[in-house]
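Every heavy atom of this structure was used, including side-chain atoms; hydrogens, water molecules and symmetry mates were not. Just so it is clear: chains get the letters A, B, ... in the order the sequence lines come, proteins before strands, and each one is counted from 1.
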There are 2 protein chains.
Amino acid sequence: MPTAALKVPDRDRGRGRSVGYRPLYRQVRDLLVRRLADGQWQPGKSIPSEQQLAHELGVSQGTVRKALDTMAAERLLVRQQGRGTFVAELTEQHILFHFFKLRTDDDAQLFPASQMIGVGLWRADDAERERLALGDGDEVVRIRRLRSLAGETVILEDIALPGAIFAALAGCDLPNNLYGCYASRFGVTVVQVSERLKAVALDGARAALLKVADATPALTIDRVAWDLDARPVEWRVSYCLTERFHYRSDVR
Amino acid sequence: MPTAALKVPDRDRGRGRSVGYRPLYRQVRDLLVRRLADGQWQPGKSIPSEQQLAHELGVSQGTVRKALDTMAAERLLVRQQGRGTFVAELTEQHILFHFFKLRTDDDAQLFPASQMIGVGLWRADDAERERLALGDGDEVVRIRRLRSLAGETVILEDIALPGAIFAALAGCDLPNNLYGCYASRFGVTVVQVSERLKAVALDGARAALLKVADATPALTIDRVAWDLDARPVEWRVSYCLTERFHYRSDVR
DNA sequence: AAGTGGTCTAGACCACCGA
DNA sequence: CGGTGGTCTAGACCACTTT
């Protein structure tokens, strides 16, 4: 039997003090998130049952349940009645529904196709260092690609990744689903993104790549993505033509 | 003592059948949502304690707790340890944080000021009937206003409301916080909005109202809002200048 | 001190899945 | 059928707010 990481005298569990008080289920949750971040539990695989975890950690099943429920709410886990609890996967389907918000104007959600323009390893510029929390002289992998929806080329993407993690990407073919690739090849799970949207007039170079007139209006999506350890792992700026597509945002 | 709405033979509560099975806490939640929608519980006011509700409804406190927790997650209620449970309010603060997503480029969230251009009651056009689920010949209240952030006029808004509910709005002064007004004067609580964003070139008339050049790029936010009963209660299109502001979207 | 919501436990039973 | 997660209960104790 594994060591019982949480088997501590009852009254010490919550530290007994008001400041820094962390409920037991929270401690359990944090411990289990560690297992995800460390790769002890692989995406798509099932994790031990509530009973097993409760016994292993020396807490009640109800406490484990609450920890697992919060993780399911954070979409780190997927629970299936009768089957078990599974580590969430960043499949194309998942990405499509949660991170890719462009739809056709009749509300269809389509898989975007990608056409690579370039990829390489470079010294990070000021903006990249700021967005990715890098230091002086650090390198980034830069990716530029075009994406199309319903056969129409409507997105130009400039992506920057920390070289320290992703340098190996610079010299190889890249899949359409980058987040799935980050997870499977680098153990980096994107769990949160923050986007800033603006309307701009396309400059000549970008308009040419998208084969539209200079100064055509475009929607820019400036996105930073963070992983399980809250590290910024990707900075991406997308230039989108929204004549026949829109960015969907549902609140609540 | 009020009639015990849920005091039914134990085995009938879940209907006993697999199809249409609704957990007890779900039934409690739906019953309590009814009280909100009917105005029995007013925004900002406290509701009875878990113990009281459990006794009144003939279920355990744990079941009431789960119902209240889900409602808090839906942001219909606000729970405060030691104080009680309160009906959520659509205060300016609340709106600002949850429905108004424009920020300055240094990430400050500012209260927008509003300047009314016009308001009136009209027969709904095709687009309005479709967005607001109205019938032939139904009327709408149309509102047009300019809004400014940090002293700069950057938003032009066209709003349409079902006349059947909001006709009284047509002849009076309108507050800056419309959603709060819908709640306090019409008992309409907006709980969900869906937005479609596009980048467009402003037409001459709208550019003139915003005092910018013809064909200036603008971010359009096409929003439909629904109330507690899932009725569409507002259609709003905002034209935003995003030179010094952006639309913020955080996922997860 | 009294009352509220928050945590934790233990146990029973239900719905669902797969073998 | 056994095992999983999901619901429901009852009771104890904790943290927080108000009186």
With respect to the phosphate group of C:dG5, does any side-chain polar atom (N or O) of B:T85 fall under 4.0 Å of OP1 or OP2?
yes
Taking any heavy-atom pair under 4.0 Å as a contact, classify B:Q51: base, sugar-phosphate, or nothing.
nothing
Hey, which sits more toward the 5' end of DNA chain C by its nearest nucleotide, A:G62 or B:S49?
B:S49
Closest to the A:L24 side chain: D:dT7, C:dT4, C:dT9?
C:dT9
Given the structure, check if the side chain of B:R79 and the base of C:dG6 hold any donor-acceptor pair shorter than 3.5 Å.
no
Nearest heavy-atom pair of A:R29 and A:A67: which atoms, and what distance?
N-CB, 3.8 Å
Figure out the CZ/P separation between A:R26 and D:dA15, and round it to whole Å.
17 Å
Listed pairs, N/O of protein and of nucleotides 17-19 of chain D, under 3.5 Å:
unit_1 : atom_1 : unit_2 : atom_2 : d
D:dT18 : OP1    : B:R83  : NH1    : 3.4

Below 4.0 Å: OP1/OP2 of D:dC8 and any side-chain N or O of B:S60
no
If you compare every side-chain N and O of B:K66 against the phosphate oxygens of D:dT7 (OP1, OP2), does one of them come in below 4.0 Å?
yes
Tell me: CZ of B:R65 to P of D:dG6, nearest whole Å?
19 Å
Can B:D30 and B:R26 be counted as an ion pair, charged N to O under 4.0 angstrom?
yes
Nucleotide of D:dT9, C:dT9, C:dG6 approaching B:V59 most closely (side-chain heavy atoms)
D:dT9
I need the OH-C1' distance between B:Y25 and C:dC14, as an integer number of Å.
13 Å
Is there a side-chain contact between B:L149 and B:F111 (heavy atoms, below 4.5 Å)?
no
Whether A:F99 and A:Y179 hold their rings parallel, tilted or perpendicular, with breakpoints at 30° and 60°:
perpendicular
B:L68 CG to C:dT4 C1', straight-line distance once rounded to whole Å:
12 Å
Spacing of B:Q27 atom CD relative to D:dG6 atom P, expressed in whole Å:
19 Å
Length of the line joining A:E50:CD and C:dA10:P, which is rounded to integer Å
15 Å
Taking all non-hydrogen atoms of both residues, which atom of A:W226 and which atom of A:S194 are closest, and how far apart?
CZ3-CB, 3.4 Å
Salt-bridge test for B:R147 and B:E157: reply yes if a basic N is under 4.0 Å from a carboxylate O, no otherwise.
yes
OP1 or OP2 of C:dC8 less than 4.0 angstrom from a side-chain nitrogen or oxygen of A:T63, does that happen here?
no
Among C:dT7, D:dG6, C:dA15, the one nearest B:Y21 by side-chain distance:
C:dA15
Between D:dC8 atom C1' and A:Q61 atom CD, what is the distance in whole Å?
13 Å
Less than 4.0 angstrom from a charged side-chain N to a carboxylate O is my criterion; do B:R248 and A:E195 meet it?
no
Nucleotide of D:dT7, C:dT7, C:dT4 approaching A:P23 most closely (side-chain heavy atoms)
C:dT7
Could you tell me how far apart A:H55 (NE2) and C:dA10 (P) are, to the nearest whole angstrom?
12 Å
For a quick check under 3.5 Å, do A:D227 and A:T189 share a side-chain donor-acceptor pair by atom type?
no
